[in-house]
Chemist: 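To start, I am sharing the structure in question, which I have written as structure tokens.
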Amino acid sequence: MNIVNLHDKNLYYIGGVVRDELLGKESFDIDVTYVGNASDYAKTIENAEIIQVNDAFGTVRILLEGQEVDIASTRSETYPQKGHLPVVENIGCSLKDDVLRRDFTINALAKSTLTGEITDYVGGLQDIKNKVLRVLHDESFIDDPTRIVRGLKFAVRFGFDYDEHTKKLQQDYLRNINYDMSYKRLKKELEETFNLNSDKAFETFINNGIYKLFTQHNFVLPKIKISEIIDEYKPSCVWIIYVGLLSGVEVLPLTKREKKIVSDYRMIKDKTFMSDMEIYHAFCGLNLESILMYAFVNDKVQVIKRYLDYLSKIRLSVTGQDIFSLGIEPSEKYQECFDFILCEKFKNPALDKMQEIELVKKFFEII
Ligand code: ATP
Ligand code: MG
């Protein structure tokens, strides 16, 4: 691994990037940390332009050979307010103290940018080998319950499992949740986890009671595979299809679009339909995500398929202008007329514009 062209005895690759290399996986972001003051170090790098400095966190962004690199100073953290952002304690602390603030042992490995040697203070190498997720101390989930969702994400992404003690710590926490937590951070982790589109993740989320982090309402797992429907229809927002099925999701800071997806889903979820027209009217104008969510209540896959694969593709050629041209004054009858033609078109999608106009005439009894 030689992802950043920087080599210094105090500079380490750290966290996910080291883990991913050991697992033979590609990393999305590269974290490097400097034992000491990163911004002082940045000033000494030849040909580097300093773009941004954050003194409170001890981080610095540089431009080097056309590449932006974030360098963090080693830092220790405490959680005076459990479940909220930590407070930075000591910028420029030892590598060991920096490592000890992290979530799982597999994310607590450091690799020297100078020698390539890996420093492992917490047994992360062994845990990677054994496919184990282990927190670094017993207060870990109390300090930051979003780690429970991070754990789920890594378990699914890498096929790892919690060690017995970590499992127990999670159960203990989920039995005694402190709801005064940062839902912004929780949402970010839920998003990353459920965007993986994994039924297994959802099963674990429900069966292990992880959903209790944001809602008290129980939930029954759908019988059908959510991931297959998502793969087939490729909605843009995957995570909300899973998490939005649970009542109480609104406590998360949802975007306007996510809110609409959930509220539209709630509106249609208990409906049953007697005709194509009813299906069409219920789904027309809704986001794809809300429609897909409907499939998972009482196994309604066939209904959404009927809509998405057939009904939604049917278009009328006749316009309001065409009706007006026949000498009919605009009124709510126009909509009834469109529905009448649509209904015919559901039965016979091959109808052309001339035939549609004939149907308009029939509707208004002008033939
Ligand atoms: P990904 O591949 O999803 O980016 P990652 O492990 O790199 O996984 P990041 O969110 O990029 O995760 O965080 C980088 C590192 O910061 C982690 O490897 C971990 O050491 C530490 N970290 C991140 N979030 C937390 C947290 N909530 N608690 C403790 N340490 C954390
Ligand atoms: Mg990362």
Side-chain angles (χ1 to χ4, degrees), residues 1 3-4 12-35 38 54 57-59 61 68-89 93 95-111 118-125 127-128 132-160 162 166 169-170 173 178 181-198 201 210 213 239:
M1 174 172 69
I3 314 164
V4 224
Y12 292 84
Y13 294 106
I14 197 140
V17 65
V18 184
R19 173 203 69 212
D20 289 344
E21 192 198 19
L22 289 164
L23 289 169
K25 309 227 177 221
E26 202 186 328
S27 265
F28 303 113
D29 50 0
I30 299 151
D31 292 308
V32 282
T33 195
Y34 184 79
V35 183
N54 181 334
F57 274 88
T59 55
R61 178 168 297 168
E68 282 191 13
V69 183
D70 288 315
I71 309 173
S73 308
T74 42
R75 64 173 191 266
S76 58
E77 291 174 345
T78 54
Y79 287 82
Q81 206 186 347
K82 306 289 182 198
H84 289 267
L85 275 180
V87 170
V88 175
E89 276 247 298
C93 68
L95 184 63
K96 186 169 184 181
D97 282 344
D98 180 282
V99 151
L100 292 179
R101 72 179 164 85
R102 292 170 188 269
D103 51 359
F104 296 96
T105 59
I106 65 161
N107 291 341
L109 296 166
K111 178 173 176 168
I118 289 183
T119 303
D120 178 10
Y121 290 111
V122 291
L125 284 171
D127 284 342
I128 286 188
V132 164
L133 287 163
R134 187 193 311 273
V135 287
L136 305 194
H137 59 89
D138 285 4
E139 297 277 298
S140 191
F141 294 139
I142 299 168
D143 283 346
D144 180 0
T146 66
R147 289 173 183 161
I148 291 179
V149 183
R150 284 178 66 79
L152 175 62
K153 174 175 76 178
F154 295 125
V156 166
R157 210 200 278 170
F158 304 132
F160 280 24
Y162 276 17
T166 302
L169 293 173
Q170 175 176 300
Y173 185 78
N178 169 13
M181 71 172 86
S182 164
Y183 281 118
K184 190 173 158 207
R185 301 181 78 200
L186 187 69
K187 182 194 164 188
K188 177 179 164 281
E189 294 301 339
L190 288 167
E191 243 180 294
E192 288 185 14
T193 304
F194 287 103
N195 279 341
L196 295 172
N197 191 23
S198 155
I210 300 174
L213 288 172
W239 81 279

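Counting convention: from 1, in listed order, for ligands and their atoms alike. Note that the structure is a prediction, hence the values are computed from the model and not measured. Hydrogens, waters and symmetry mates are skipped; everything else that's a heavy atom, side chains included, is used.
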Chemist: Counting heavy atoms only, which part of I14 comes closer than 4.0 Å to ligand 1: side chain, backbone, both or neither?
Modeler: neither
Chemist: For ligand 1, note which part of V17 has a heavy atom under 4.0 Å away: side chain, backbone, both or neither.
Modeler: neither
Chemist: Among D31, V32, V4, T59, which residue satisfies the side-chain contact (heavy atoms from CB on, under 4.5 Å) criterion with I71?
Modeler: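 One option only clears the test, and that one is V32.
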Chemist: Please list, chain by chain and in numerical order, all residues satisfying side chain to side chain donor-acceptor pair (under 3.5 Å) with D20, sequence neighbours excluded.
Modeler: S27
Chemist: Please list, in number order, the atoms of ligand 1 under 4.0 Å from a heavy atom of K153.
Modeler: 3 (O)
Chemist: May I ask which of R157, E189, K25, R102 has a heavy atom nearer to atom 16 (O) of ligand 1 than the others do?
Modeler: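 Selected option, by shortest heavy-atom distance: R102.
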Chemist: Just give me the atom name: the N, O or S atom of D29 closest to the Mg ion (ligand 2).
Modeler: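 Among the N, O or S atoms of D29, the one closest to the Mg ion (ligand 2) is OD1.
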Chemist: Considering only the protein, which heavy-atom contact is closest to atom 8 (O) of ligand 1, and what is its distance?
Modeler: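 Of every protein heavy atom, R19 NH2, 3.4 Å lies nearest to atom 8 (O) of ligand 1.
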Chemist: Kindly give the heavy-atom pair with the smallest separation between P145 and Y173, and that separation in Å.
Modeler: CG-OH, 3.4 Å
Chemist: List ligand 1 atoms under 4.0 Å from G15, heavy atoms only on the residue side.
Modeler: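 Near G15, the atoms of ligand 1 are 18 (O).
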Chemist: Please identify which atoms of ligand 1 are closer than 4.0 Å to at least one heavy atom of D31.
Modeler: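 Counting atoms of ligand 1 from 1, those under 4.0 Å from D31 are 14 (C).
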Chemist: Using a 3.5 Å distance criterion without hydrogens, assess whether the side chain of R75 forms a donor-acceptor pair with backbone atoms of E89.
Modeler: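 Between the backbone of E89 and the side chain of R75 there is no qualifying donor-acceptor contact (under 3.5 Å).
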Chemist: Give the atom numbers and elements of ligand 1 that come within less than 4.0 Å of a heavy atom of D144.
Modeler: 26 (C), 27 (N), 28 (N)
Chemist: For ligand 1, which atoms sit closer than 4.0 Å to a heavy atom of F154?
Modeler: 6 (O), 8 (O)
Chemist: Pull out every atom of ligand 1 sitting under 4.0 Å from any heavy atom of R101, numbered as shown with elements.
Modeler: 29 (C), 30 (N)
Chemist: Identify the closest protein heavy atom to atom 30 (N) of ligand 1: which residue and atom is it, and at what distance?
Modeler: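 Here the closest protein heavy atom is D103 N, 3.2 Å.
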Chemist: Please check if atom NZ in K184 has more than 12 non-hydrogen atoms from other residues, nucleotides or ligands closer than 6.0 Å.
Modeler: no
Chemist: Mind checking what makes side chain to side chain donor-acceptor pair (under 3.5 Å) contact with E189, not counting sequence neighbours?
Modeler: R150, K153
Chemist: Starting from atom 7 (O) of ligand 1, what is the nearest protein heavy atom, named by residue and atom, and what distance separates them?
Modeler: G16 CA, 3.5 Å
Chemist: Angle between ring planes, Y162 versus F104, binned at 30° and 60°: parallel, tilted or perpendicular?
Modeler: tilted
Chemist: For atom 28 (N) of ligand 1, find the nearest protein heavy atom and state the residue, atom name and distance (0.1 Å precision).
Modeler: R147 NE, 2.9 Å
Chemist: With a 4.0 Å heavy-atom cut-off (strictly under), which part of F104 contacts ligand 1: side chain, backbone, both or neither?
Modeler: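 Neither part.
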Chemist: Could you say whether the N/O atoms of R150 and ligand 1 ever approach to under 3.5 Å?
Modeler: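 Yes, there is a polar N/O contact under 3.5 Å.
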Chemist: Do you see a donor-acceptor pair shorter than 3.5 Å between the side chains of N107 and R102?
Modeler: no
Chemist: Below 4.0 angstrom from a heavy atom of R185, which ligand 1 atoms are there? Numbered from 1 as shown, please.
Modeler: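 In order of number, 27 (N).
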Chemist: Which residue owns the protein heavy atom closest to atom 11 (O) of ligand 1, what's the atom, and how far is it?
Modeler: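 Checked against all protein heavy atoms, atom 11 (O) of ligand 1 sits closest to D29 OD2, 3.3 Å.
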Chemist: Is a side-chain N or O of T74 found less than 3.5 angstrom from the main chain of C93, in a donor-acceptor match?
Modeler: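 The answer is yes, because a donor-acceptor pair under 3.5 Å joins these two groups.
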Chemist: Is any NZ, NE, NH1 or NH2 atom of the basic residue among R185 and D144 found under 4.0 Å from an Asp or Glu carboxylate oxygen of the other?
Modeler: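 The answer is yes: the pair qualifies as a salt bridge.
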Chemist: So, applying side-chain hydrogen bond (donor to acceptor under 3.5 Å, both in side chains) with R134, which one of T105, T166, D127 is it?
Modeler: D127
